[in-house]
Amino acid sequence: MRSENTLFVGGPLDGRVLPVLVGATGQPPKTYEVPVPHGDDRPPTVHVYRRVPARVGRLGLPSGWKYEYDPAGKTPSGGPKWPWSRPR
């Protein structure tokens, strides 16, 4: 698998550059979750990072990615939002 060195901004990984696996299209995932374990029996705290363009070229196309910390920590539900699959 191919990886890309990606900058993390904010949160516990602020300023670090880590290798992130990229998909078939050459882009890293839209969200990156970092579980931080506790010393006792509590479940780990999960920090969520969102992918944003690092630099935008003259044509408005991103030329690289970085992850910004999302303090709300909500992960979006996967998949498209089809109008016929509304919750009842």
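The shortest side-chain heavy-atom distance between His47 and Tyr69 falls under the 4.5 Å cut-off.
Pro44 approaches Pro35 most closely through the heavy-atom pair CB-CB, 4.4 Å. Between Trp65 and Pro28, the shortest heavy-atom contact is CD1-CD, 3.6 Å. Taking every heavy atom of both residues into account, Lys66 and Thr6 meet most closely at CA-CG2, 3.9 Å. Here the closest heavy-atom approach between residue Tyr49 and residue Leu13 is recorded as OH-N, 3.0 Å.
Side-chain atoms of Arg51 never come within 3.5 Å of backbone atoms of Thr31 as a donor-acceptor pair (strictly under, hydrogens ignored).
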>> I'd like to know whether Arg50 forms a side-chain contact (heavy atoms from CB on, under 4.5 Å) with Glu68, so could you lay out the CA-CA distance, the side-chain angles of the two residues, the decisive distance to 0.1 Å, and finally the verdict.
In response: CA-CA 5 Å; Arg50 303 251 179 249; Glu68 288 186 353; 5.5 Å; no
Return all side-chain donor-acceptor pairs below 3.5 angstrom for residues 16-25, not counting sequence neighbours, or 'none' if the list is empty.
none

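Within 6.0 Å of CG on Asp41 lie no more than 12 heavy atoms contributed by other residues, nucleotides or ligands.
Note on ring orientation: taking the six-membered ring where Trp is involved, the planes of Phe8 and Tyr67 are parallel (angle under 30°, cut-offs 30° and 60°).
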